[in-house]
*Asks:* 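I am attaching a structure below and will ask some questions about it afterwards.
All of these numbers come straight from a predicted model, not from anything done at the bench. Throughout, protein chains are lettered first and strands after them, A, B, ... in sequence-line order, and every chain is numbered starting at 1. Just so it is clear, the values below take in all heavy atoms, side chains as well, and ignore hydrogens, waters and symmetry mates.
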Amino acid sequence: MSRSFANKRLAKELQKINNSLPPGIELVSAENFDEWTLDIRVLDDNPLYRGQIHRLKFKFGTTYPIEPPEVTFVNLPDRPIPIHPHIYSNGIICLDLLGQQGWSPVQNVESVCMSLQSMLTGNTKNERPPGDEEFVRGNRLRPKDIDFLYHDNTV
Amino acid sequence: MSESAKWILLKQDGNKKYQAGDYEGAEALYTKAIIVNPESPILYTNRTMARLKMNMWESAIADCNECLRIYPDNMKAHYYLGQAHLELGNYEEALECAQKAYKMCVDANDKSLSAALALVRMCKSKRWDELDKRRRRERADLEGEVLALLERERDAAVNPKDTDPDTVQEKGDDTAIRAEWETKLEAMRDVFEKARSADSQRRKVPDWAIDDISFEFMHDPVVTKSGKSYERAVLLNHLQQSQLDPLTREPLRPADLRPNLALKQALDEFLVENGWAVDY
């Protein structure tokens, strides 16, 4: 499949997103079909994320949506990386949905945002993944090339 | 050198020219090869490719037809024939060829399935545009005629031809008659305007018609074991990557797919009234 396949699909997603997005999810920029940014916030009163807004960056390859987009949190002065046992402090997310194995082409930008939103909503642990510091210091791999172990499905 | 070696060499040289972008040179070499061996289908499809590149639609069509005479089941010949007819604006013929090529790709599990699907879509879309343009033109003409007719009636009412001295004097009634006709004309314009905007408002594609992977209007839906339907070419593409049902994540092989004939019929029926949806 070609770039145009990905672009066509993204153009349609953008059209839908511009019409409506679920509460707590906002499009920040979608200047092209390579990279979009969105803001998400947790809707309930979870004390870990109260008053916070988080910036997500989506990067799309030419094989999207057959292959997953690369999704990371971006650290900005007013956009902290949310604290979560599956989110490294450099913004890399460990979520099976975003891996080659867990991804499905019926997923889309909106559904990924909603999954991340609910992943935060359901979290009660004020901690980073084990080995966060070491990982953040040492990792040179792109998120899609990291072999995460999805061992803990309770968070 | 034997005859067979000769045309094969000519063909190879032609392919080299073609790959280098020298379509004229390639076309000449394929022609020489055809003189040596006029019965090889691939020489005709190769020469067609060169001719399509040079916008020689008519002679490309001749080559395709010659190829199909020798070998009626040549997918590429149907595909190129469709392309050439499309360029010439022969949308019915183009669509017929594209659909033949598409069906052959499905049956033979040919990797050109996506390309054939794109051609089918293009043909349907162009054919609809043409129909739609004609319909709009006809309606605009009708609107003009009806309004002109009303205006003539109004003029006749304001200035009766057999100028009776009595009516000429009654200038006072003129404005009332004019106003009455102006109302009628306005109402008529309004009717046409409403019809026009209803036309553009109707342009909404129902979700059941959309493939959930490509987000495009489906053409050849296949249903998985989970009961969900997808565009055949798109789902096969996904299955090359991962042999899992996109929704349930259960194992799914190409052989498990079944055509969804009822949905196909509904899609075709929707397109009759809403041909624009084909490349929504």
*Asks:* Look at atom NZ of B:Lys264 and say whether more than 12 heavy atoms of other residues, nucleotides or ligands are closer to it than 6.0 Å.
*Replies:* yes
*Asks:* Pick one of side chain, backbone, both or neither for A:Glu67, based on which atoms fall under 4.5 Å of a heavy atom in chain B.
*Replies:* side chain
*Asks:* Just wondering, more than 12 heavy atoms not from A:Glu127 lying within 6.0 Å of its CD?
*Replies:* yes
*Asks:* Out of curiosity, B:Gln241 CD to A:Gln100 CD, how far, rounded to the nearest 0.5 Å?
*Replies:* 6.0 Å
*Asks:* Heavy atoms, side chains only, cut-off 4.5 Å: are B:His238 and A:Pro105 in contact?
*Replies:* yes
*Asks:* More than 12 heavy atoms of other residues, nucleotides or ligands under 6.0 Å from CG of B:Asp207: yes or no?
*Replies:* no
*Asks:* Answer yes or no: are there more than 12 heavy-atom neighbours, outside A:Lys16 itself, under 6.0 Å from its atom NZ?
*Replies:* no
*Asks:* For the side chain of B:Arg249 and the backbone of A:Gln101, is there at least one donor-acceptor N/O pair under 3.5 Å apart?
*Replies:* yes
*Asks:* Around atom CE of B:Met49, are there more than 12 heavy atoms of other residues, nucleotides or ligands at under 6.0 Å?
*Replies:* yes
*Asks:* Can you tell if the side chain of A:Phe5 reaches within under 4.5 Å of the side chain of B:Asn237, non-hydrogen atoms only?
*Replies:* no
*Asks:* Against chain A, work out which of B:Asp211, B:Ile213, B:Ile210 has the most heavy-atom pairs shorter than 4.5 Å and name it.
*Replies:* B:Ile213
*Asks:* How many angstroms lie between CZ in B:Phe215 and NZ in A:Lys8, if you round to the nearest 0.5 Å?
*Replies:* 14.0 Å
*Asks:* Got a sec: does the CD of A:Glu26 have more than 12 other heavy atoms crowding it under 6.0 Å?
*Replies:* no
*Asks:* Specify the closest pair of heavy atoms between B:Val234 and A:Ile66, including all atoms of both residues, with the distance to one decimal.
*Replies:* O-CD1, 4.3 Å
*Asks:* Using non-hydrogen atoms and a 4.5 Å limit, figure out which bit of B:Ser242 sits close to chain A: side chain, backbone, both or neither.
*Replies:* neither
*Asks:* Could you measure the distance from the CG atom of B:Leu244 to the OG atom of A:Ser104? Nearest 0.5 Å is fine.
*Replies:* 9.0 Å
*Asks:* If you count the non-hydrogen atoms of other residues, nucleotides and ligands that lie under 6.0 Å from CD in B:Glu93, is the total more than 12?
*Replies:* yes
*Asks:* So B:Glu216 and A:Lys12, do their side chains get closer than 4.5 Å, heavy atoms only?
*Replies:* yes
*Asks:* Assess whether atom CE of A:Met114 is packed by more than 12 heavy atoms of other residues, nucleotides or ligands within 6.0 Å.
*Replies:* no
